[in-house]
Amino acid sequence: MTDTVRLNLQFNGKTLVFDRLYTHVNIATMTKDGPAYGAVKDGVIGVTDGRLAFVGRMADLPQNHSASETINKHGQWVFPGFIDCHTHLVYSGNRAAEFEMRLKGSSYKEIAENGGGIISTVKATRTASEDELATAAAKRLCHMASGGVTTAEIKSGYGLTLNDELKMLRAAKKAGQMCDISVTTTLLAAHAVPPEFAGRADDYVTHICCDIIPETISQGCATAVDAFCETIAFTPKQISRVFDAAKKHGLAIKLHADQLSDLGGGGLAAKYGALSADHLEYASEASVQAMAKSGTVAVLLPGAFYVLGETQKPPVDLMRKHGVDIALATDSNPGSSPVSSIQLMLHMGCTLFDLTPEEALAGITRNAAKALGLGDRGTLEVGKRADMVFFDIEQPAELAYWVGGVVPSDIVRAPSSLTQS
Ligand code: DI6
Ligand code: FE
């Protein structure tokens with residue numbers, strides 16, 4: 001008897017009782033050690049009460065089981081539901097005009113410094129109602145979900161007032177309900193200095209620490225805080241104040257770090273025990289080493305790199321050398337990454353950042369779960385949520401190979417009522 005089967009017998013007593021059995025399926029469990037992709041060929045998955053109750057080979061499924069429903073998958077591949085761990089899906093308007101300006105030679109930084117960029121989306125977002133924002137975000141989120149995403153993180157950051165930030169976070173949750181997708185919310189009030197605080201960034205940081213963070217907590221609107229550490233945004237010193245306040249209130253920490261220049265953002269995130277530091281094109285070896293030590297995930301965002309025509313790649317070799325877990329995400333936003341396909345990020349992670357298809361897939365499953373602090377998903381193992389995406393493909397690498405992705409043959413989502421284990 002294999003270990004898998006023993007585990008399952010323990011999990012479920014002597015007779016295995018399933019709500020549903022998926023038979024003759026090739027399983028990319030995406031567990032870390034073992035065969036490539038954690039693959040189990042000609043496998044079977046049993047689901048009970050929205051969780052995985054059996055994951056193993058057909059040959060190891062004990063005779064002594066019953067299932068209300070059995071579905072033969074005829075050799076399709078199944079993966080953990082994809083997790084997009086960095087998005088800005090809630091906003092109003094779009095920035096196609098800036099895209100045209102960039103094509104004519106203006107840089108992202110120049111546009112931001114001249115009142116465009118993030119601030120132009122802030123203006124549009126402030127005038128939109130919560131329902132309008134939720135509806136617009138749901139359109140984008142449902143599109144994302146159709147490619148196999150079952151969990152998405154959504155940030156605020158285009159409101160930049162107490163009420164507008166909370167409005168965005170509530171809209172994010174509503175969008176999740178509208179698409180039946182698991183959504184985590186992150187407060188990104190430190191995204192840009194709002195016009196009314198122009199020249200007074202420190203005062204805005206005080207407002208974030210003393211008013212916006214406490215109110216976000218008391219209204220239960222977010223579980224993490226994020227900030228933009230960059231010359232066009234906030235200094236490491238200002239961000240340290242935001243993180244100190246966030247820690248005091250029990251928020252998890254994430255950081256937009258070292259995207260356009262090296263301000264030591266990766267190291268700063270590590271110092272605060274951040275779940276993730278994101279972008280990291282300009283991260284130094286010292287930052288990478290610090291992240292390895294603190295277990296901070298490197299979230300790479302090839303969509304923004306591609307759209308902005310960047311040439312400096314994130315130091316993937318250093319991340320491998322020091323053992324930093326790598327995740328991949330869309331960074332879906334109206335400025336630097338108008339992207340809604342997580343599978344396109346698999347392709348770009350490989351072609352632009354030299355990841356292997358297996359590393360890329362770990363980046364939208366196991367490591368993306370870690371970047372969100374979610375221990376109940378990201379791999380296909382007994383006890384995890386039954387979030388699964390099936391494809392009629394011959395090998396897992398195809399998901400990164402086909403430009404623009406593969407349409408899932410089936411998507412299974414655990415009920416949204418399922419509590420985190
Ligand atoms: N980095 C990003 O990738 C997004 N925010 C950030 O700090 C871009 C946001 C935007 O341009 O609207
Ligand atoms: Fe971002």
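In listed order, ligands and their atoms are each counted from 1.
Between Arg366 and Asp325 there is no salt bridge, since none of the side-chain N atoms of the basic residue sits less than 4.0 Å from a carboxylate O of the acidic one. A salt bridge does not link Glu153 to Lys254: none of the charged nitrogens lies less than 4.0 Å from a carboxylate oxygen. Salt-bridge formation is not detected for the pair Glu281/Lys313: no Lys NZ or Arg NE/NH1/NH2 atom is positioned less than 4.0 Å from an Asp or Glu carboxylate oxygen. Between Asp387 and Arg413, no side-chain nitrogen of the basic residue sits less than 4.0 Å from a carboxylate oxygen of the acidic one, so the salt-bridge criterion is not met. Between Asp244 and Lys247 no salt bridge is recorded (no basic side-chain N to carboxylate O distance below 4.0 Å). Here Glu196 pairs with Arg126 in a salt bridge; the nearest charged N to carboxylate O distance falls below 4.0 Å.
Using a 4.5 Å heavy-atom threshold, the side chains of Met144 and Leu89 count as touching.
Phe390 pairs in a ring-ring contact (aromatic ring centres under 6.0 Å, His included) with only one of the listed residues (Phe79, Tyr22, Trp77), which is Tyr22.
The two atoms that bring Thr185 and Ala172 nearest to each other are CG2-CB, 3.8 Å, heavy atoms only.
Within 4.0 Å of ligand 1, contacts by protein heavy atoms are made from His88, Arg95, Tyr108, Ile118, Tyr158, His191, Phe228, His256, Gln259, His279, Asp331, Asn333, Gly335, Ser336.
Excluding waters, the protein N/O/S atoms found under 2.8 Å from the Fe ion (ligand 2) are His86 NE2, His88 NE2, His256 NE2, Asp331 OD1.
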